[in-house]
Amino acid sequence: MNLRIHDTLTDSLQDVLPADGKRVGFYCCGPTVYAAAHIGNFRTFVVQDIFRRALELSGTPVKHVRNLTNVDDKTIRESQAQGQSLQAFTGYWTEKFHADCEALNLLRPQIEPGAVEHIAEQIALIQTLMDKGHAYQAGDGSVYFRVESFPAYGRLSRVQERELTTATAQSDDEYDRDSLSDFALWKAAKPEDGPNVWESPWGKGRPGWHLECSAMSMKYLGPSFDVHSGGIDLTFPHHENEIAQSEACTGETFARLWFHVVHLMVDGHKMSKSLGNMYTLEDLRAKGYRPEEVRYALIAGHYRKHLNFTMASLDAARPNLQRLAKLEKQLHQAAGTPKRPPYGVLCKTRPDCGRFSPAFEALLENLNVPRALGELFKAAGELEKAPQSVTAEDYTGLVVMLEALGLRLPEVEAVTAPEEIHVLARARLEARKNKDWARSDELRDQLSARGWAVKDAKDGYELEPV
RNA sequence: GGCGUGGUGGCAGAGUGGUCUAAUGCGCGGGAUUGCAAAUCCCGUAUUUCGUCGGUUCGAAUCCGACCCACGCCUCCA
């Protein structure tokens, strides 16, 4: 069974297959590194991560490229405002981004190109477009793509008419373009750019935003590649422009399949600064949530629907992950405690998933994670009720699902408590043996005040950090 | 104004013509267990009900129409 996904271009489900028969070329629009990415950004990246995992686990290798936008209006403006070099500024936020990705268990793309390191490729692309008559330099010194010269414009977002009405509404002539639909390929230097300008055949300046993705995707995946993905808002104009400039340049189909992730909502509304609901991973960690819980909450809805992110949805993650952790341990033992097969091995062996097969199949059908979770827990419930029927495939299947969803599980073994805590716990055990319940409860309160929960066992106790 | 998406139990969220008296999770209620708890386990948890009203059909949460409501996009926002 192949992975199928909703293709924006054809508005239909399409099999995801590598054109070269070997591996799927996969390009994702990455973050602009000028501030901490918020959980909305991460919803998109997590969905893309699951897409990749599902493909790889079903036996199709993926060449994953995700760019870093490290030169644009925002990065330049902010770095200037903070008196830092563009490189130091974006470097800082790139590191932060990587740390968040690691915490959220996102597979690192094999290639993560930065726009500022690919100026030459972008200039070359513009030159070709100039030579072919698809671009022109305007009076303001900037170079623009002539949308009119590309008849297929609007195919992805089906946007022709909308664009016209919007364009006429914008009577303001802040740009010196021939048509308001035309977009910048090269932006002429302005005083506020400071040192962040580059030489080009059209004078000093810097590349337009859309161009970097064309230049870098084609450099690393070829002029025509399998899958391109991003947030829904990028459909227009970003991806439309990417298609126009790339295909006008090469004459070949750019990406063959596109999928877009619908926005995350917070408490029923879009994230915005004024509502104060633009959470970053750090914000949520400060509230006591773990990254794996955030990841769980982010995948709880289908990627083609708005997902309403709430603290309640985050709270639901913890017991679910704990249940899975326990199940994993049980199945591992029931299966004879084999070595847990690592991700890479599972991708090569494409194992039988036992009772978790329906869960994996749900994933292959347009990345239906909510249904996959439903199937996952259904199988879990069966196995919890009939532990004697657990097979090796069941254990492997659970591991496959955990890997496919990228769920890291909390450690089920009790964390070792410091001796002073054990002293209290032993005293309580003693009090209980003497049936001194008042003293026992007092000691339990003391333990609780120090951050430890005590659970009574047959002839002892267990300690757990709260 | 233009375009679009969606309205399913306390919450989240599957299900897109019949096996739906609607998956799954959280939550909640009851029970077992416990000195009391915690943890764990068991059971229950949508008044033929899926925004409202009509229609199509042997049959609809699922198709069609109208209406109401919510949300989103149309600005270099994932």
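Below, all heavy atoms of this structure are taken into account, side chains as well, without hydrogens, waters or symmetry copies. As the structure is a computational prediction, the values presented were derived from the model and not from experiment. Naming: A, B, ... by sequence-line order, numbering from 1 per chain.
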Legend entry - Nearest-nucleotide pick for A/Lys305, side chain only, options being B/G35, B/A14, B/G72: B/A14
Inset, instruction - Could you work out the separation of B/U47 and B/U56 based on their C1' atoms and round it to a whole Å? - result: 28 Å
Inset, instruction - Taking only the side-chain heavy atoms of A/His306 (C-beta and beyond), determine which of B/C77, B/G35, B/G72 contains the nearest atom. - result: B/G72
Legend entry - Inter-nucleotide P distance (B/A78, B/A60), Å rounded: 46 Å
Inset, instruction - Nearest 0.5 Å please: distance from the CG atom of A/Asn241 over to the CZ atom of A/Phe150. - result: 10.5 Å
Inset, instruction - Could you tell me whether A/Asp49 and A/Arg295 make a salt bridge, using a distance below 4.0 angstrom between a side-chain N and a carboxylate O? - result: yes
Inset, instruction - Could you please name the partner base of B/U47, counting Watson-Crick and G-U wobble pairs only when both distances are under 3.5 Å? - result: none
Inset, instruction - Pick the C1' atom in B/U57 and in B/G18, then give their distance to the nearest Å. - result: 12 Å
Inset, instruction - Take the protein atom CG of A/Leu298 and the nucleotide atom C1' of B/A12, then report the distance between them rounded to whole Å. - result: 14 Å
Legend entry - Close residues, residues 30-40 of chain A, relative to RNA chain B [heavy-atom separation under 4.0 Å]: A/His38, A/Gly40
Inset, instruction - Report the nucleotide, chosen from B/A37, B/C71, B/A78, that has the shortest atom-to-atom distance to any side-chain atom of A/Met265. - result: B/C71
Legend entry - Pairwise C1' distance for B/U75 and B/G2, with rounding to whole Å: 15 Å
Inset, instruction - Not counting sequence neighbours, which residues clear side chain to side chain contact (heavy atoms under 4.5 Å, CB included) with A/Asn320? List them please. - result: A/Tyr296, A/Phe377
Legend entry - A/Asn308 (side chain) donor-acceptor with A/Gly268 (main chain) under 3.5 angstrom: yes
Inset, instruction - Check every atom of B/C77, B/A14, B/G35 against the side chain of A/Asp441 and return the nucleotide holding the closest atom. - result: B/G35
Inset, instruction - Locate the shortest heavy-atom distance separating A/Asn105 from A/Leu407; write the atom from each residue and the value. - result: ND2-N, 4.4 Å
Legend entry - A/His269 NE2 to B/C73 P, straight-line distance once rounded to whole Å: 13 Å
Inset, instruction - Let me know the distance between CZ of A/Arg304 and P of B/G15, rounded to the nearest Å. - result: 12 Å
Legend entry - Spacing of A/Gln110 atom CD and A/Arg66 atom CZ [to the nearest 0.5 Å]: 11.0 Å
Inset, instruction - Send over the distance from A/Phe236 CZ to B/G2 P, rounded to a whole Å. - result: 18 Å
Legend entry - Opposite nucleotide pairing with B/A22, Watson-Crick or G-U, both atom distances under 3.5 Å: none
Legend entry - Complementary nucleotide for B/A38 - Watson-Crick or wobble, under 3.5 Å: none
Inset, instruction - Output yes when A/Glu384 and A/Arg355 qualify as a salt bridge under the 4.0 Å nitrogen-oxygen rule, no when they do not. - result: no
Inset, instruction - Determine, stepwise, if the pair A/Arg155 / A/Glu247 fulfils salt bridge (Lys or Arg N to Asp or Glu O under 4.0 Å). - result: CA-CA 12 Å; A/Arg155 203 168 37 126; A/Glu247 299 193 352; 3.6 Å; yes
Legend entry - Distance-only donor-acceptor test (3.5 Å): side chain A/Thr44, base B/A78: yes
Legend entry - Sugar-phosphate or base contact per nucleotide [nucleotides 17-27 of chain B; S, B, -; heavy atom under 4.0 Å]: ------BSSS-
Legend entry - Complementary nucleotide for B/U16 - Watson-Crick or wobble, under 3.5 Å: none
Legend entry - Centroid-centroid under 6.0 Å between A/His210 and A/Phe183 rings: yes
Inset, instruction - Among B/A39, B/A14, B/G35, find the nucleotide with the atom closest to the side chain of A/His302. - result: B/A14
Legend entry - Presence of salt bridge, A/Glu464 and A/Lys455, under 4.0 angstrom: yes
Legend entry - Distance, C1' atom - from B/U34 to B/A39, rounded to whole angstrom: 11 Å
Inset, instruction - Indicate yes or no: does A/Glu293 engage A/Arg290 in a salt bridge with an N to O separation below 4.0 Å. - result: yes
Inset, instruction - Using the C1' atom on both, measure B/C77 against B/U62 and round to a whole Å. - result: 35 Å
Legend entry - Distance in angstrom units between A/Lys270 NZ and B/U75 C1', rounded: 10 Å
Inset, instruction - Name the nucleic acid region contacted by A/Asn308, choosing base, sugar-phosphate or nothing; use a 4.0 angstrom heavy-atom cut-off, strictly under. - result: sugar-phosphate
Legend entry - Any donor-acceptor N/O pair under 3.5 Å between B/C74 base and A/Asp233 side chain: no
Legend entry - B/C63: pairing nucleotide in any strand, Watson-Crick or G-U under 3.5 angstrom: B/G55
Legend entry - Pair assignment for B/U5, Watson-Crick or G-U wobble, requiring both distances under 3.5 Å: B/A70
Legend entry - Rounded distance in Å - CH2 (A/Trp258) to C1' (B/A78): 14 Å
Legend entry - Shortest side-chain distance from A/Lys385, nucleotide among B/C42, B/C71, B/C36: B/C42
Legend entry - Atom C1', compared across B/G59 and B/A70: separation rounded to whole Å: 31 Å
Inset, instruction - Check every strand shown and say whether A/Thr310 touches a base, only sugar-phosphate, or nothing at a heavy-atom separation below 4.0 Å. - result: nothing
Inset, instruction - Look at the side chain of A/Arg444 against the base of B/A37 and say whether a donor-acceptor pair falls under 3.5 Å; ignore hydrogens and angles. - result: yes
Inset, instruction - Remember a base hit wins even if backbone is also touched, and classify A/Arg428 as base, sugar-phosphate or nothing at under 4.0 Å, heavy atoms. - result: base
Inset, instruction - State, to 0.1 Å, how close A/Pro113 and A/Met216 come at their nearest heavy-atom pair, and which atoms those are. - result: CB-SD, 3.5 Å
Inset, instruction - Tell whether A/Asn368 reaches the base of B/A14 with its side chain through a donor-acceptor pair below 3.5 angstrom. - result: no
Inset, instruction - Spell out, as yes or no, whether a donor-acceptor pair under 3.5 Å connects the side chain of A/Gln122 to the backbone of A/His118. - result: yes
Inset, instruction - Could you pick out which residue, A/Leu234 or A/Glu384, lies toward the 5' side of RNA chain B when each is mapped onto its nearest nucleotide? - result: A/Glu384
Inset, instruction - Give one of base, sugar-phosphate or nothing for A/Leu264, where a contact means two heavy atoms less than 4.0 Å apart. - result: base
Inset, instruction - Rounded to whole angstrom, note down the C1' distance from B/U40 over to B/G72. - result: 44 Å
Inset, instruction - Counting heavy atoms from C-beta on, name the nucleotide in B/G35, B/C71, B/A14 closest to the side chain of A/Trp437. - result: B/G35
Inset, instruction - Please state whether the base of B/G35 and the side chain of A/Ser440 form at least one donor-acceptor pair under 3.5 Å? - result: yes
Inset, instruction - Output the single nucleotide from B/C42, B/A78, B/A38 whose closest atom is nearest the side chain of A/Lys455. - result: B/A38
